[in-house]
Amino acid sequence: MNQYLEKKSQSPLYQQLMIRLKNDISAGIYPSGARIPSEQQLCETYNVSRVTVRKAILDLVQEGLLVRRQGKGTFVAGTRMQRDLRHVTSFTDACAQRGQQAETRFISAQMVPATAEDAALLGLTTDETLFELIRLRLISGEPVMLEINRFPAAFAYLKDEAAETSLYACLQAHGVIPASAVHDISLGHATPMVSRHLDTEVGDALLLLDEVIHDQHGQPLHLSRQWIRGDKFTFRI
């Protein structure tokens with residue numbers, strides 16, 4: 001059934017389409033996680049150009065109401081996970097506090113040279129190597145975060161112990177307690193590697209969280225870079 005927009009209205013067509021889609025989402029026509037019609041279907045339904053449809057969808061993606069998935073289409077964003085940055089909390093614990101099941105998928109583990117910045121932040125020399133652990137974090141099967149952790153070489157045992165479980169639980173079992181952190185939050189854009197794991201388009205805007213974690217003695221413990229889907233995750237500061 002055609003649902004033509006008002007072409008003589010003072011409101012641009014893309015804004016009218018945005019309102020229609022928002023109303024449909026609120027009414028449950030497109031529930032959380034549901035795929036919305038394709039661009040071509042929306043063009044035909046509302047008798048508008050593809051440019052209009054793309055502008056409306058892009059703005060709704062930027063608002064966090066919709067999310068694009070590479071090769072699959074555009075979907076209604078689900079409930080966002082919230083993490084309180086005022087405390088050092090593991091992803092696993094943050095999920096459990098909200099009754100959600102955290103999942104971990106091992107990506108890689110290797111020894112890498114310390115950059116000058118890495119060495120300065122961890123109090124090491126530039127000729128030392130670091131243990132790098134890359135993992136994908138998921139909630140109910142949905143990819144939420146790609147994390148890149150770098151530790152002094154002495155923590156290489158985490159390769160086997162924390163590949164697919166809580167990193168901080170493993171550290172605490174060894175008497176190491178992540179106690180405080182310095183956070184830097186910025187806007188990043190998905191690289192081919194990041195987009196492949198987070199199921200986004202290359203270049204999509206993502207939250208980028210860089211952290212320096214300190215242990216219970218105030219000593220630098222590890223560095224963490226987290227590429228995060230903003231449609232799935234928010235922060236409280």
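The analysis underlying the following values was restricted to heavy atoms, covering all of them including side chains, and did not include hydrogens, waters or symmetry mates.
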J.: Measuring from Q110:CD to I134:CD1, what's the distance to the nearest 0.5 Å?
T.: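 It is 6.5 Å, given to the nearest 0.5 Å.
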J.: Is F155 close to V176 at the side-chain level, that is, under 4.5 Å between some pair of heavy atoms?
T.: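 Counting from C-beta outward, V176 and F155 do come under 4.5 Å.
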J.: Do L130 and L122 touch side chain to side chain, with heavy atoms closer than 4.5 Å?
T.: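 Side-chain contact under 4.5 Å: yes.
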J.: Can you confirm whether D118 sits close enough to L124 that some side-chain heavy atom of one is under 4.5 Å from a side-chain heavy atom of the other?
T.: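 Sidechains of L124 and D118: no contact.
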J.: About how many Å separate NE2 of H183 and CG of L209, when rounded to the nearest 0.5 Å?
T.: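 Between L209 CG and H183 NE2, I get 7.0 Å after rounding to 0.5 Å.
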J.: So L138 and L136, do their side chains get closer than 4.5 Å, heavy atoms only?
T.: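 Yes, side chains in contact.
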J.: State whether D24 and R20 are salt-bridged, where the test is any N-O pair (Lys NZ or Arg NE/NH1/NH2 against Asp/Glu carboxylate O) under 4.0 Å.
T.: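 The answer is no: the pair does not qualify as a salt bridge.
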J.: Output all residues satisfying salt bridge (charged side-chain N to carboxylate O under 4.0 Å, His left out) with E128, sequence neighbours left out; order by chain, then residue number.
T.: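 Scan of E128 (salt bridge (charged side-chain N to carboxylate O under 4.0 Å, His left out), adjacent residues dropped) gives none.
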J.: Would you name the heavy atoms of P31 and G28 that are closest together and state the gap between them?
T.: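 Residues P31 and G28, closest heavy atoms: CD-O, 3.6 Å.
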J.: So does R54 get a backbone contact from the side chain of E39, meaning a donor-acceptor N/O pair under 3.5 Å?
T.: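 Pair absent, no side-chain N/O of E39 close to backbone of R54.
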J.: Holding to side chain to side chain contact (heavy atoms under 4.5 Å, CB included), I want the full list of residues that pass it with T104, two or more places apart in sequence or in another chain.
T.: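 Side chain to side chain contact (heavy atoms under 4.5 Å, CB included) list for T104, sorted by chain: R135, R137.
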J.: Can you establish whether the number of heavy atoms outside E117 located under 6.0 Å from its atom CD is more than 12?
T.: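 No, the 6.0 Å shell around CD holds no more than 12 heavy atoms from other groups.
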J.: Is any side-chain heavy atom of I148 closer than 4.5 Å to a side-chain heavy atom of W227?
T.: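 I148 vs W227: side chains touch.
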J.: Kindly give the heavy-atom pair with the smallest separation between I36 and I57, and that separation in Å.
T.: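 So the minimum-distance heavy-atom pair works out to CD1-CD1, 4.3 Å.
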J.: Determine whether L167 and L133 satisfy the following criterion, side-chain contact (heavy atoms from CB on, under 4.5 Å), listing intermediate values before the conclusion.
T.: CA-CA 10 Å; L167 182 64; L133 178 64; 4.1 Å; yes
J.: Taking only residues two or more places apart in sequence, or in another chain, which ones meet D215 in a salt bridge (charged side-chain N to carboxylate O under 4.0 Å, His left out)?
T.: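 Partners of D215 by the salt bridge (charged side-chain N to carboxylate O under 4.0 Å, His left out) criterion come out as none, since no residue qualifies.
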J.: Taking all non-hydrogen atoms of both residues, which atom of L187 and which atom of A205 are closest, and how far apart?
T.: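 Between these two residues, the closest heavy atoms are CD1-CB, 3.7 Å.
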J.: For the NZ atom of K72 and the CZ atom of R35, what is their distance to the nearest 0.5 Å?
T.: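 K72 atom NZ to R35 atom CZ measures 10.5 Å (nearest 0.5 Å).
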J.: Cluster question for you: counting only ILVMFWY and a side-chain heavy-atom cut-off of under 4.5 Å, with indirect links fine, are L5 and I29 together?
T.: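 L5 and I29: one cluster.
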J.: When you look at CZ of R105, are more than 12 heavy atoms from neighbouring residues, nucleotides or ligands closer to it than 6.0 Å?
T.: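 No, the 6.0 Å shell around CZ holds no more than 12 heavy atoms from other groups.
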J.: Please assess L66 against V76 for the test side-chain contact (heavy atoms from CB on, under 4.5 Å), listing each intermediate value before the final yes or no.
T.: CA-CA 5 Å; L66 297 177; V76 179; 4.2 Å; yes
J.: Between H214 and V182, which heavy-atom pair has the shortest distance, and what is it?
T.: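 Looks like CE1-CG2, 4.4 Å.
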J.: What donor-acceptor contacts under 3.5 angstrom involve side-chain atoms of residues 190-201, with partners at least two apart or in another chain?
T.:
unit_1: T191; atom_1: OG1; unit_2: V194; atom_2: N; d: 3.2
unit_1: S195; atom_1: OG; unit_2: T191; atom_2: O; d: 3.1
unit_1: S195; atom_1: OG; unit_2: P192; atom_2: O; d: 3.0

J.: How would you list, by chain and number, every residue that makes a ring-ring contact (aromatic ring centres under 6.0 Å, His included) with H174, sequence neighbours excluded?
T.: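 Applying ring-ring contact (aromatic ring centres under 6.0 Å, His included) to H174 gives Y157.
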J.: For P178, which residues count as a side chain to side chain contact (heavy atoms under 4.5 Å, CB included) partner, sequence neighbours excluded?
T.: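 P178 satisfies side chain to side chain contact (heavy atoms under 4.5 Å, CB included) with V88, Y168, L171, Q172, I213, L221 once adjacent residues are dropped.
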J.: Check for me, please, whether V112 and L121 land in the same ILVMFWY cluster - side-chain distances under 4.5 Å, paths through other members count.
T.: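 In one cluster with V112: L121, yes.
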J.: For a side-chain contact (heavy atoms from CB on, under 4.5 Å) check, start with the C-alpha distance between V53 and Y46, then their side-chain angles and the critical distance, and finish with the verdict.
T.: CA-CA 9 Å; V53 169; Y46 294 101; over 6 Å; no
J.: Is it the case that the side chain of Q216 and the backbone of A179 share a donor-acceptor pair, with hydrogens and angles ignored and the cut-off at 3.5 Å?
T.: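 Not a single qualifying donor-acceptor pair exists.
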J.: Are any non-hydrogen side-chain atoms of M111 and F131 less than 4.5 angstrom apart?
T.: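 Heavy-atom side-chain distance check passes, below 4.5 Å.
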J.: Answer whether the closest heavy-atom distance between the side chains of Y14 and L58 falls below 4.5 Å.
T.: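 Side-chain contact under 4.5 Å: no.
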J.: Tell me whether E142 is salt-bridged to R69, with the criterion being a basic N under 4.0 Å from an acidic carboxylate O.
T.: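 Result for this pair is yes, salt bridge flagged.
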J.: How long is the straight-line distance from OG1 of T52 back to CG of L42, given to the nearest 0.5 Å?
T.: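 Those atoms lie 11.5 Å apart.
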J.: What I'd like to find out is whether the side chain of H222 reaches to under 4.5 Å of the side chain of L158, using heavy atoms alone.
T.: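 A side-chain contact under 4.5 Å is absent here.
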J.: What is the distance from atom NZ of K55 to atom OG of S49, rounded to the nearest 0.5 Å?
T.: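 Here the rounded value is 12.5 Å.
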J.: When you look at Q226 and E147, which way does the side chain to side chain donor-acceptor pair (under 3.5 Å) test go after all the steps?
T.: CA-CA 4 Å; Q226 300 165 34; E147 61 176 28; 5.2 Å; no
J.: Can you tell me how far the CG atom of L13 sits from the CG atom of N47, to the nearest 0.5 Å?
T.: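 The CG atom of N47 is 9.5 Å from CG of L13, to the nearest 0.5 Å.
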